[in-house]
Amino acid sequence: MSVVTGGGLDLTTEQALWLLREMLRIRRVEEALARSYAQGLIPGACHTYVGQEAIAVGVCAHLRSDDVVFSTHRGHGHALAKGAPAREVMAELFGKATGVSKGRGGSMHLFVPEVGLMGTTGIVGPNILQATGAGYSFQLMKTDQVSVAFFGDGAVNNGAFHEGVNMAAIWALPVVFVCENNQFATEVPFDYATRNTDVAERARAYGIPGVTVDGNDVLAVSEAAQAAVERARSGGGPSLVEGRTYRTRPHAEGMRDGGYRTVEEIDAWKQRDPIADLEVRLLDRGIATQEQIDAVRQEIEEVVADGLEFAKTSPYPEPDTAALHIYGAS
Amino acid sequence: MVTAVQNGTETGMRELTYTTAAREALDEEMERNPRIFVVGEGIGERGGNFNTTLGLYEKYGPERLRDTPIVERGFIGMCTGAAMTGTRPVVDFMFLDFALDAFGEMVNQIAKIQYMSSGRLEMPIVLRGCIGIGGSSATHHSGNYYPIFAHLPGFRVVVPTTPRDAKGMLKTALRGSDPVLFLEHKLLLNAKGEVPPVEADELIPFGTAAIRRPGTDATVVAIGAMVDKSVQAAEQLSQEGVEIEVLDLRSIAPMDEETILASVAKTGRLLVVDEDFQPCGMGAEISAVVMEKAFDELDAPVQRLNGVFTPVPYSPVLENAVTLSREQILQAMRDLMAE
C-alpha cells in the first residue's frame, strides 16, 4: 500500500480513497438534492454544502462512531461524513417516513444518534453549547469520546460561541470547535460582521490552541483535525480549527445568488474544488490510480441513484404519527 | 390519578424544611446515579444561594457540583448537550428570571430534542430554582412564568408547595427522561412539613393535584404560595358554615384535569387562585377545561383571582399590592358563593 508524506500526513491508499469517496458522496448527494428541489420534490429548505466538503470529511476522518458531532443548518455534509446513510438523508429531505428523522425534520433537523450525529439545527449557535455539554458528559463518565461542533463564521459573533468555548476551555473538555469560515452569513460578509476576521486568533482569548487551515484542502484539514481530536481524546482539552472555504451554491436552493458576491469570485472558488484537487494530488503522488478513482466515482453514482430512488418511492409518514415522541417513555 | 390528603399520620415522619427536603432528594438521587451532576452559580463549595446543595460538594466533588461562570444561556445549552449524551444535568438557576436568558435553548432545543430525534434521544434535564413574589425581590427576581412553559409541548412543569412534595417530585424529576422545570416559590423555602423516612424512597408522580382541604361547597385550585393562603381563607369561611375544597395544582404540566373535574362535579363552583398573571394563564386554561368538560356541573361562572398584571415592584407597600392576600382570597370565595 502506498504511503504519502505530504501536507504533513502519512496517507494510505485506503485512507485517501475514503477521503475522496466521502467528499464525492456529499457532492453527488447534494447535486441530486438540488435537482430534486428544482423539480419540486423537496417541500422545505435545502442548504447545500457544495464546495465545503473537505472540512466535514477531513474532521470526521479522525472520529469514531461513538464520537459525536453537532451540526448546523448546512449539515448534510456533516451527517454523511459521520456515517449517516445517503438514502435516509435524501428521504428525510423528501419528507418521507424512511428519513433519518422519520420526516419530522428535513434538511435542518437530521438526527442519527446511532452514528453520533446529534442533530443539524435551524438556529445558529446552540450546537456549540451542546457540543460542549457532550464533552462534559464524556469527562464525567470518564470515556475517551470526543465531541465536535461545526459552525460557520456567522456563529462566532454569537454569544453561544463565547460561552461554549470558554466553558470547554476552563474545564478542559474533550471538544473540537470547527469553524467553517465561508465568508458569508447568508449574504452578510464576515468582514462586515467583525473587526477581526481571523477566527482562529480568538482561541487565544480563551487560552486554547487555534489554527487556520485551507478549508478546501482536505489533507490540511485532516492534519489539523487529527491534532485537535488527539488532544481532546487524551485529556488535553478543546481546540479551535478554522477552515477558510466558500460555498459555491446559493445560501439555499431556490434563492438568488447575486448582489453580495460576484460571478468571478464564485468561479474562482469553483476552480479550487477540493475534490478535483485531491484527485490530482493522489494521481501525482501515486497514491491512487485513475482506475481506483473511477471505481469510487462509479460507486458513488450508484449510491446516489439508489438514494434518489429510495427517497422517491418511500412512503410518507402516517399523519397520526405527527405528535409522537414529544415526551420520553417515562 | 392519585390524590391524597397528607395528614402526617404515617410512621417515621420527620419535620424538614422545604429546601432541606429537596436537598435530601438530590443527595439520595446523586448517590444512586453517578451520572447526575449539578451546575449553577455558587452551587459548589458555597452550597448554593439557597442552600440547595449544602454539603454535597464535599461528598461528590467539583465535577458533579460544577460552579459556572455567569452564563445562563451557556450552561443551559451545555446541559442540553450533556443530557443528549448520557448524563443527567440539574441546572440550579437560582431565579427563573435568570434562566430566561436561555429561553431559546429551552424552547427550541430542550423541549424539542426528543421529538426531533424521533424519540431516539432523551432529554433528562432538571431546571430548578426560585419563582414568586416576596422579600422585596423586585422585577428581576420575582417572576413566575410557568404558564409560558406549560404552553410548550415537551416540558414537564411542577410547582411543589410542601417539603414532602418538594422531595418526592424532585426524585420523580431525577428518574424520568423528560425535561422538568422544578419551580420553588421563594416564600416556601423555609416552610416546615412532614417528610417520610429516607427508606420510604417516596416518588410523587407528576400530573396529580393534591387535595389540601376537602370541602363540598366550592372548589379552589391554588398554585404555589397561594395554596396555604387559600387553605387559611377556607378555614375562616368554615366557621361560617361554608366548606371550600382546596386543590394544590402542584403539577402545572401535565395538569390533573381529573381531580379538578371531580371536585367541580361535587361542588359546582370553581375559583382559581394564582399569583401569576391572568391573561393566558393557568386560570384561563383551567376555566376552559371545566367549561368544555363539566359545563353542566357548574352552578356559577368560573372565577379567577390573580396577581396584578405588572412587573413586580420593590417597595413592600407596592409589592404587597401586586400579589394576593388571604383577605383577597377570602373575599373572592365569598363572591363565588354569592353567585
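Throughout, protein chains are lettered first and strands after them, A, B, ... in sequence-line order, and every chain is numbered starting at 1.
- Chosen from Arg73(B), Met84(B), Gln114(B), the residue pairing most often with chain A at heavy-atom distances under 4.5 Å is Arg73(B).
- Between the Asp178(B) side chain and the Gly328(A) main chain, a donor and an acceptor come within less than 3.5 Å of each other.
- The backbone N or O of Ala82(B) sits less than 3.5 Å from a side-chain atom of Ser137(A), completing a donor-acceptor pair.
- Using a 4.5 Å cut-off between heavy atoms, Glu114(A) touches chain B through its side chain atoms alone.
- For chain A, the nearby part of Glu105(B) is the side chain; its heavy atoms alone come within less than 4.5 Å.
- Considering OG of Ser117(B) and NZ of Lys102(A), their distance stands at 10.0 Å, rounded to 0.5 Å.
- Contacts between Met118(A) and chain B at a heavy-atom distance below 4.5 Å involve backbone atoms as well as side-chain atoms.
- Residues of residues 82-98 of chain A placed with any heavy atom under 4.5 Å of a heavy atom in chain B are absent; none qualify.
- In this structure, the portions of Leu140(A) lying under 4.5 Å from any heavy atom of chain B include both its backbone and its side chain.
- Interface remark: of the candidates Gly119(B), Gly77(B), Ser118(B), Ser118(B) forms the most heavy-atom pairs closer than 4.5 Å to chain A.
- Qualifying ring-ring contact (aromatic ring centres under 6.0 Å, His included) partners for Tyr49(A), counting only residues two or more places apart in sequence or in other chains: His78(A).
- Atom-to-atom distance recorded for Phe75(B):CZ and Leu129(A):CG is 11.5 Å, nearest 0.5 angstrom.
- Using a 4.5 Å cut-off between heavy atoms, Asn166(A) contacts chain B through its side chain alone, with no backbone atom that close.
- For residues 233-241 of chain A, a heavy-atom distance under 4.5 Å to chain B picks out no residue at all.
- Rounding to the nearest 0.5 angstrom, the gap separating the CZ atom in Phe70(A) from the OG1 atom in Thr85(B) is 5.5 Å.
- Contact record, Gly86(B) with Met141(A): O-SD, 4.0 Å, taken as the closest heavy-atom pair.
- Residue Pro89(B): no heavy atom, backbone or side chain, is found under 4.5 Å from chain A.
- A donor-acceptor pair under 3.5 Å is formed between the side chain of Arg120(B) and the backbone N or O of Phe111(A).
- How far CD1 of Ile113(B) is from CD of Gln130(A): 5.0 Å, rounded to the nearest 0.5 Å.
- Here CG of Asp67(B) is found 9.0 Å from CH2 of Trp171(A). Values are rounded to the nearest 0.5 Å.
- When all heavy atoms of Glu163(A) and Gly74(B) are compared, the closest pair comes out as OE1-N, 2.5 Å.
- Under the side-chain contact (heavy atoms from CB on, under 4.5 Å) criterion, Asn33(B) pairs with Arg35(B), Ile36(B), Arg88(B), not counting sequence neighbours.
- Atom-to-atom distance recorded for Phe37(B):CZ and Tyr136(A):OH is 5.5 Å, nearest 0.5 angstrom.
- Of all non-hydrogen atoms in Gly154(B) and Ile326(A), the two that sit nearest each other are N-CG2, 3.3 Å.
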